[in-house]
Amino acid sequence: MRGKGHLFVFATIVGFSLALDNGYGTLYLFVFLICLMIWWVKNRLTLLEIGVLLIVSLFFSVHFSANTVIHEDKSYQTEMIIGEVRRITNRQEDFTTFYFKSSCQNELLQVIDTNHHSPDYEVGNHYRLTGVYQEIERPTNPGQFNYRSYLSRQGISWQFQVNESELMALGNNRLTHRLLRLREELLVHMTTTHSEFNAGWIRSLVLGDRHGLDDGVEQIFQNWHLTHLLAISGLHISILIALILFTGLFVFRMTKTSTYMLILLVLVLFPFIAGGAPSVFRASVVSAIVVLLWFSDIHLKVIDYLSLTFILLLIISPNWIYHLGFQFSFLITYSIILSQKVLSSLPHIAYQSIYLTLLSTFIVIPIQIHHFHLFNPLSIVINVVWTWYFSIWVVPLAFILFFISFIMPTLITPLAYLFELTHRYSMTLLSYINETFYFKIVVGEFPAIYMIIFYSVMMLVLIHLEKRQWKKLKISIFLLMMTLGFVLIRPYLNPYGTVTMLDLGQSDALIVELPHRKSVIIYDLGAPYHINQQEVSSAEYNNVIKPFLYQAGIQKIDAVILSHEHIDHVGSVPFLVDDFKVKRFITSPYFEWIDELTSVKKSVSSIETYGMSDTFDINGQVFHVISPERDYHDANDNSLVVLTSINELNWLLTGDLSSVVEEQILNAYTQLPVDILSISHHGSDTSSSAAFLDAIAIDVGLISVGRYNRYQHPSDRVIQDLIARNVTIYRTDQNGAVQFKFHKNRPGTFMPFHP
Amino acid sequence: MRCLYCFQIIEETPTFSTMITLWEQSNICATCHAQLDRLTDKVCDYCSSPDHKLNTDCTMWKRKEVLAHNRSLYRYGPFLKTVMAQFKYRGDYELIHLFQSDVKYFFKKIYADLPGETVAVPIPLSQERLRERGFNQAEAIAQLTPFPVKRMLGRTTSEKQAKKSRKQRLQMKNPFKQIETTNTTSLLLIDDIYTTGATIHQAALTLKQEQMTIRSFTLAR
C-alpha cells in the first residue's frame with residue numbers, strides 16, 4: 001500500500017457519508033466500489049488491499065453513527081447531576097460555560113452558570129450541579145449559525161442552566177488536565193514577562209490563545225484569508241522542530257538519538273499546551289510518526305504518514321471532520337504533497353512559492369465560500385508576503401521569546417524590542433492595506449454540484465500542469481474560471497425571488513430580493529437596545545442579518561426604506577452601511593435622524609422622502625406611499641406605509657402605525673386592494689383595528705414579534721380578529737424567519753423556517 | 001515491492017495524475033530504469049541504429065528488401081549488457097519483467113501502427129542451446145508484445161553466434177528453416193539483440209513470401 005495512503009481518505013469519507021444518511025452516502029459508495037473494481041481488474045490493487053479499504057469504510061460508518069445521540073425530551077426538568085468538567089468553553093465575569101460529563105446519565109452537557117457565588121470551575125474537577133435542562137437554541141433564520149447541530153456533533157444534545165453548584169472532588173491528576181493547567185500558568189507567565197503586545201502574539205502563536213491579540217486583528221486576518229498563520233499548524237510545528245534540532249545538535253551537542261527523543265516528547269505534549277486545535281494535532285501527529293519511525297526500520301511515504309494521521313485523528317475524535325481548520329489543513333497538505341512533480345519542474349523558489357500560494361488559495365475556495373460566503377481576491381498577493389514574513393521572522397522569534405523567558409530572561413529586552421518594533425510596524429501596514437484595499441466578493445452559497453465541478457476541473461488543471469500540456473492547461477484554467485464565474489453570476493440567473501421577514505426578536509426586518517437580482521430592497525432593519533450597555537446591540541446584525549445577506553450572495557442593496565426612527569426598525573442600519581453598499585435611502589418627511597443614525601446620515605449623499613400619494617420606483621419595482629398624509633407628531637403614526645405588488649400580490653408594509661392612522665387611510669382610500677399585510681407594531685392592540693382588517697380583506701398576515709416579549713405582543717384581540725377573517729398568520733416568534741419564495745412566472749409560496 | 005535487479009524498495013510517489021488512476025506495480029526501480037538507455041526517435045529509419053556512422057551493413061540489408069524495418073527499445077549499453085548476461089547466461093528468467101512496462105508502452109504509444117493480424121515470431125534456439133539455458137530469451141520477449149506468438153522457425157545448425165566475428169556472421173549459411181506456415185501477411189520477428197542484422201535478415205529470408213510484410217523488434221540495438 002506504499003504511496004497509496006490517500007485511498008484511506010476516500011474510504012473514510014465514504015464511511016462518513018454512509019453514516020450521515022443524506023443520500024450522498026450510497027452514491028459515494030457506488031462510485032468507490034466501481035473504482036475498487038477497476039483498480040482490481042487493472043492490477044492496481046490486490047484483493048487484500050481492497051478488503052482493508054472496505055473495512056475502513058465500514059468501520060467509519062459504524063464509528064460515526066455511534067457518535068450521534070438519541071434525542072429524548074427533558075426540557076425544563078430540574079435535576080441534580082454529578083460529573084466532571086471536561087472543557088471550559090467561555091469564562092467571562094458574569095458567566096461561565098463548559099462541557100460537563102454527567103456520571104449518572106453518562107451524557108455530555110453544555111453547562112451555563114450565571115451565578116456569582118459559584119466556584120471557579122476547573123477542568124477535571126467533579127461538581128454537583130442543581131439546575132434545569134434547556135433545549136439548545138435552534139437557528140431561526142436562513143444562513144444563521146446552527147449552534148444546536150454544532151453541539152450535537154460534539155455529542156451534546158442538552159444545555160444545563162445551573163442554579164446551585166458544589167465542588168465534590170478535585171480532579172484526579174490526569175496528564176491532560178495537568179497539561180491544561182500548565183497551559184493556563186504559561187499564559188499568565190507570558191502576560192507577566194512580556195509587554196502586552198508581545199504577550200498577545202506569543203500566546204497566540206505558541207500557546208494557541210488568541211484572546212490577547214488586539215481587537216480587530218483576527219478580523220483583519222480573516223479578511224485577508226490569513227487565519228492559517230494564527231492557527232498553530234504544520235508551519236509552527238516545523239519551526240519548533242527546527243529550533244529544537246538546531247539547539248540540541250549544535251548548541252548543546254546532544255546526540256541525534258537523544259535530540260529526536262526530545263522532539264518526540266515535545267510533539268506529544270505540545271498539542272495540549274497549544275490549545276488542542278485539530279491543526280496542531282494533525283501537524284504533531286504527522287511529525288511524531290515520522291520521528292518514531294526514524295527509530296524503526298519502516299519508512300513510509302509522506303502521503304502515507306499524513307493519511308495515517310487523518311485516520312488516527314478521526315478515530316479519536318470523529319467530529320473533527322466538520323472542523324473548518326481540519327478540512328483546510330488536510331486539503332492543503334495533500335495538495336502540496338501531490339504537487340511534488342510540479343514543484344520539481346519549477347525552476348526557481350520564487351515560482352514555487354507563487355505556485356504554492358495559488359494552489360492553497362484555490363484548493364480551499366469552495367469550502368471557504370461555503371462557510372463564509374465571500375472571497376477576497378487580493379488576498380492571494382498578501383498571502384505570499386505574509387506567509388514568508390511569518391515563517392522566517394514572526395513565528396521563530398515568538399518561539400525563541402517564549403523559551404528564553406524561562407532560560408535567560410535577561411535576553412528578553414533587546415529581542416522583545418526588536419520583535420515589537422518590526423511586528424508593530426508590519427501590523428500597522430497590514431491594517432492600512434486592510435482599510436485601503438480590502439475588497440470582498442460576496443458569493444453566497446456554493447452548491448454541492450458546483451463543488452464537484454470545481455474540484456474536477458481543478459484536478460484537470462493540476463494534471464495538465466504536471467504533464468506540462470500547456471494547451472490543455474490553458475483550456476482547463478479557462479474552465480475553472482468559468483466555473484467560478486458561474487457561481488458568481490448565479491443569483492442573476494436565478495428566476496426565483498424572495499421576500500423574507502427575518503426573525504430578529506422584537507425588531508423588524510423585511511428583505512425583498514427580486515428574480516434575476518433585479519433589485520434588493522430592505523424595509524426596516526431593527527436591532528434590540530442593549531439596556532445594560534446603553535447602546536444599540538450589533539448581535540442581531542452580526543448573527544442574523546449579515547449571514548442572511550451573505551448566504552444569499554448580496555453585496556449591494558438597491559434601497560433601504562425606513563418606516564420610522566425607532567431602534568427596533570432602524571437600529572441595524574449603521575452596521576449595514578459599514579459592510580454593504582446601499583444606493584438609496586427612502587423614508588417619510590417626518591423621519592427624525594436620531595443620534596444612533598448619525599453615521600448613516602453622513603455616509604449617504606441624499607435621502608429621499610415621500611408622503612401620501614407619492615410613488616417611487618426602485619429598478620422598476622413601484623411603491624405607492626399610503627401614509628403619512630401629514631405630521632402626526634408621533635413616530636409610530638408617522639410610519640412610511642407603502643403598497644407594492646410582488647408576484648401579482650399586493651403587499652402593504654405598515655411600520656408601526658396605529659389605528660388612528662388606519663382610520664385616516666380608510667378615509668382617503670375607498671378601495672385598498674391588499675393581499676398580504678405586515679401586521680403593524682408587532683401585532684399590538686393599538687393597531688390593526690377590526691374595521692381596518694375588514695376594509696382591506698387580506699389573505700396573509702405577517703407578524704414580526706419576539707419570543708416571550710415583555711409587551712405581550714401580539715395581542716389576543718388582533719390574533720382573534722385575524723383568525724375570524726380566515727387570515728393565514730405567520731409570526732416570527734413561532735415560525736422563525738418567514739420567507740415567500742416565487743418564480744417570476746408562477747405563484748409563490750410562504751415557507752416559514754419552522755413550519 | 002522491490003526492484004528485480006537491485007532489490008531496492010521501489011518508490012512510488014502519487015501525484016495529481018496518478019492519485020486516482022494509480023499505477024501498475026513496477027518491477028524496476030527508478031535508478032535502474034534510468035540506466036536503461038531508451039532509444040529516441042533520432043535513430044535510423046531502417047535498423048534503429050542510434051549512431052549510424054558505424055553501421056555500414058544497413059544499406060546492404062535495405063537493398064535486399066526482405067525486411068520492412070527493425071525497431072529496438074534500448075541501446076545495448078554496459079548496464080543492459082550485465083542485465084542481459086544475468087538473464088540469458090545465468091538463467092535469471094524473472095528479469096524479463098524488468099522490461100515489461102517499457103515494452104508494453106512501446107507497442108501502445110510509440111510503435112502502435114502495426115496491423116492487428118500481426119504474429120510475433122521469436123528467433124529460435126537450437127535444441128542443445130535450449131537445454132543449456134532452459135528458456136528461449138526471444139520467446140520471453142515475444143510474450144511481452146501484444147501479439148500472438150508462433151514458433152515458425154527452426155534451426156539447422158547450432159553454432160554459437162556470439163563467438164563469431166562480424167565477417168564470419170555475414171558469410172554464414174542460413175541456419176533457419178521454416179517449420180510452420182501462416183496465412184497472415186504481417187510478421188514481427190523477435191530477438192534480444194540486433195548487432196549486425198544477419199540473424200534477423202536470414203530469418204526474414206526464410207519466411208519471406210509474396211504480399212508478406214516482415215518487421216522485426218529487438219530489445220537492444
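Below, chains carry the letters A, B, ... as their sequence lines are ordered, and counting in each starts from 1.
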Quick check on the interface: out of B/L22, B/I9, B/I10, who has the most heavy-atom pairs with chain A under 4.5 Å?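 Winner by heavy-atom pair count: B/L22.
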Whether over 12 other heavy atoms sit under 6.0 Å from [X] [atom1]:
X: A/F30; atom1: CZ; result: no
X: A/K301; atom1: NZ; result: yes
X: A/W40; atom1: CH2; result: no
X: A/Y24; atom1: OH; result: no
X: A/Q327; atom1: CD; result: yes
X: B/K88; atom1: NZ; result: yes

Using a 4.5 angstrom heavy-atom cutoff, name the option from A/K467, A/H464, A/R44 with the most pairs to chain B.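 That would be A/R44.
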Applying side chain to side chain contact (heavy atoms under 4.5 Å, CB included) to A/M459 and B/M19, what does each step give before you reach the verdict? CA-CA 10 Å; A/M459 200 64 196; B/M19 67 173 285; 3.3 Å; yes
As a quick check of understanding, evaluate side chain to side chain contact (heavy atoms under 4.5 Å, CB included) for B/F16 and A/L460, giving each step before the final call. CA-CA 9 Å; B/F16 290 113; A/L460 281 182; over 6 Å; no
Nearest 0.5 Å, please: how far is OG1 in B/T18 from NZ in A/K4?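 Here the rounded value is 10.5 Å.
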Distance from B/T15 atom OG1 to A/L465 atom CG, nearest 0.5 Å?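 Going from the OG1 atom of B/T15 to the CG atom of A/L465 covers 11.0 Å.
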Which bit of A/F10 is near chain B, if near means a heavy-atom gap under 4.5 Å: side chain, backbone, both or neither?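 The side chain, not the backbone.
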Which heavy atom of A/L338 sits nearest a heavy atom of B/P14, and at what distance?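 Where A/L338 meets B/P14 most closely, the heavy atoms are CD2-O, 3.5 Å.
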